[in-house]
J.: 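Let me begin by handing over the structure; questions about it come next.
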Amino acid sequence: MVRIDRRTFGMVLLGAALSAASLFITARLAWAVEVGQPAPEFSLASTTGSDIALKDFHGKKWVLLEFYGADFSPACAANLSARKADFKRFEMLGIQILAASANLSFSQQTFAESLKLPYPLLSDFPDRKTMRSYGVLNEKMMTANRSFFLIDPQGIVRKKWIIENPITTVVYSQTLLRDIREIVGKR
């Protein structure tokens, strides 16, 4: 009979729990909306002062929907600023950028003004229904995992980018733009 001390037993249990959690997280991401599926509709308060709905762009524009974690966090500021730096390039491709988080509208307004963002931020507070419907809500933190969805004018998801380390990763626009150009057929 093999005897295991409490510390070893505790480490084995911790390892098993982490493995189970990683399976749950992987499974949870698999439930997210997939490429080729209709994008979940939403209508959210925005920094424009009025609600913005996905249907506002149907038949008109492509939408790049970026989910971010928190206003005023350095990584989120860097990510949103990356889209600001390349805003004209997105615009030339007919892409409307929208960025959503679970922050309150007044916080987003101050954040957007501090960054001088040329595109709106959307508040998915308090229900976080949009984040849940896209499969990007971090249930523990109640914030969005950094992710991007390219939605065509018919409302179909054509590309998604789910970021592995959303707290620290800065996604510069070059990769997004390269993929978007390929998808929308513009060089």
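Everything numeric in this text was worked out from a predicted model, so none of it was measured.
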J.: Is there a side chain to side chain contact (heavy atoms under 4.5 Å, CB included) between Leu54 and Glu41 once you walk through the steps?
T.: CA-CA 6 Å; Leu54 182 58; Glu41 289 292 334; 3.5 Å; yes
J.: Look at the side-chain heavy atoms of Ile, Leu, Val, Met, Phe, Trp and Tyr, link any pair under 4.5 Å apart, and say whether Leu122 and Phe125 land in one connected group.
T.: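 Different clusters: Leu122 never reaches Phe125 through Ile, Leu, Val, Met, Phe, Trp or Tyr contacts under 4.5 Å.
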J.: Give a yes or no on whether the backbone of Asn145 and the side-chain of Ser147 come within a donor-acceptor separation of less than 3.5 Å.
T.: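 Side chain of Ser147 to backbone of Asn145, a donor-acceptor pair under 3.5 Å: yes, one is there.
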J.: Applying the side-chain contact (heavy atoms from CB on, under 4.5 Å) test to Leu177, which of Glu182, Arg89, Met92 qualifies?
T.: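 The residue from Glu182, Arg89, Met92 that satisfies side-chain contact (heavy atoms from CB on, under 4.5 Å) with Leu177 turns out to be Arg89.
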J.: How close do Pro38 and Val33 get, heavy atom to heavy atom, and via which atoms?
T.: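 It is O-CG2, 3.6 Å.
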J.: Are more than 12 heavy atoms, taken from residues, nucleotides or ligands other than Met141, located less than 6.0 Å from that residue's CE atom?
T.: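 Open: at most 12 neighbouring heavy atoms sit under 6.0 Å from CE of Met141.
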J.: Look at atom CD of Glu113 and say whether more than 12 heavy atoms of other residues, nucleotides or ligands are closer to it than 6.0 Å.
T.: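 Count over threshold, so yes.
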J.: Please check: side-chain N/O of Arg146 versus main-chain N/O of Ala144, any donor-acceptor pairing under 3.5 Å?
T.: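 Pair absent, no side-chain N/O of Arg146 close to backbone of Ala144.
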J.: Out of curiosity, does Trp161 fall in the hydrophobic cluster containing Leu80 (side-chain heavy atoms, cut-off under 4.5 Å, transitive links)?
T.: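 Linked, Leu80 and Trp161 end up in one cluster.
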J.: If you round to the nearest 0.5 Å, how far is OH of Tyr119 from OG of Ser46?
T.: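 The distance works out to 13.5 Å.
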J.: I would like to know whether Phe57 and Ile52 meet side chain to side chain contact (heavy atoms under 4.5 Å, CB included); could you show each step before the answer?
T.: CA-CA 9 Å; Phe57 304 99; Ile52 291 180; 3.7 Å; yes
J.: Taking all atoms of both residues into account, what is the closest heavy-atom pair of Gly69 and Cys76, and its distance?
T.: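 Gly69 and Cys76 have their closest heavy atoms at N-SG, 3.5 Å.
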J.: In Å and rounded to the nearest 0.5 Å, what is the CD1 to CG distance from Ile97 to Asp86?
T.: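 Taking CD1 in Ile97 and CG in Asp86, the distance rounds to 8.5 Å.
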J.: State whether the side chain of Asn79 and the backbone N or O of Thr169 hold a donor-acceptor pair below 3.5 Å, judged by distance alone.
T.: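 Side chain of Asn79 to backbone of Thr169: a pair is present.
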J.: Between Ser123 (side chain only) and Asn103 (backbone N and O only), is there a donor and an acceptor less than 3.5 Å apart?
T.: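 A pair under 3.5 Å: yes.
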J.: Would you say that Ile162 contacts Phe149 through its side chain, given a criterion of any heavy-atom pair below 4.5 Å between the two side chains?
T.: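 In contact.
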J.: Under the 3.5 angstrom rule, does the side chain of Ser133 hit a backbone N or O of Thr130 as a donor-acceptor pair?
T.: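 Yes; at least one donor-acceptor contact below 3.5 Å.
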J.: Show the nearest heavy-atom pair for residues Pro120 and Thr47, with the distance to one decimal.
T.: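 Scanning both residues completely, I find the closest heavy atoms to be CA-OG1, 3.4 Å.
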J.: Any chance you could measure Thr175, atom OG1, to Ile180, atom CD1, to the nearest 0.5 Å?
T.: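 Between atom OG1 of Thr175 and atom CD1 of Ile180 there are 10.5 Å.
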J.: When the side chains of residues 59-67 are checked against the rest of the protein, which donor-acceptor pairs come out under 3.5 Å, sequence neighbours left out?
T.:
from: Lys60; atom 1: NZ; to: Asp56; atom 2: O; distance (Å): 3.3
from: Glu66; atom 1: OE1; to: Arg83; atom 2: NE; distance (Å): 2.9
from: Glu66; atom 1: OE2; to: Arg83; atom 2: NH2; distance (Å): 3.4

J.: If hydrophobic clusters are built from ILVMFWY residues whose side chains come within less than 4.5 Å, do Tyr68 and Phe72 share one?
T.: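 Shared cluster, yes.
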J.: Are the side chains of Thr110 and Asp71 in contact, using a 4.5 Å heavy-atom criterion?
T.: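 Side-chain contact under 4.5 Å: no.
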J.: Do you know which two heavy atoms are closest between Asp51 and Ala45, and how far apart they sit?
T.: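 Heavy-atom minimum between the residues: OD1-CA, 3.3 Å.
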J.: Applying a strict under-4.5 Å side-chain criterion to I, L, V, M, F, W and Y, I'd like to know whether Tyr134 and Met142 cluster together.
T.: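 Looking at the clustering, Met142 is in the same group as Tyr134.
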J.: Restricting to non-hydrogen atoms, name the atom on Asp124 and the atom on Met131 that form the minimum distance, rounded to 0.1 Å.
T.: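 Closest pair (atom of Asp124, atom of Met131, distance): OD2-N, 2.8 Å.
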J.: Quick one: OG on Ser81 to OH on Tyr172, what's the gap to the nearest 0.5 Å?
T.: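 Answer for the OG-OH pair, Ser81 versus Tyr172, is 10.0 Å.
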J.: First locate atom CZ of Phe87, then atom CG of Leu117, and finally report the distance between them rounded to the nearest 0.5 Å.
T.: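 Separation between the atoms: 10.0 Å.
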J.: Is there a donor-acceptor pair closer than 3.5 Å between any side-chain N or O of Lys84 and the backbone N or O of Leu115?
T.: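 Side chain of Lys84 to backbone of Leu115, a donor-acceptor pair under 3.5 Å: yes, one is there.
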J.: Quiz question: by atom type and distance under 3.5 Å, do the side chains of Gln108 and Ser101 form a donor-acceptor pair?
T.: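 A donor-acceptor contact under 3.5 Å links the two side chains.
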J.: As an exercise, state the distance from CG of Leu137 to NZ of Lys129, rounded to the nearest 0.5 Å.
T.: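 Going from the CG atom of Leu137 to the NZ atom of Lys129 covers 13.5 Å.
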J.: Do the side chains of Leu104 and Leu121 join up, straight or via other hydrophobic residues, at under 4.5 Å, putting them in one cluster?
T.: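 Different clusters: Leu104 never reaches Leu121 through Ile, Leu, Val, Met, Phe, Trp or Tyr contacts under 4.5 Å.
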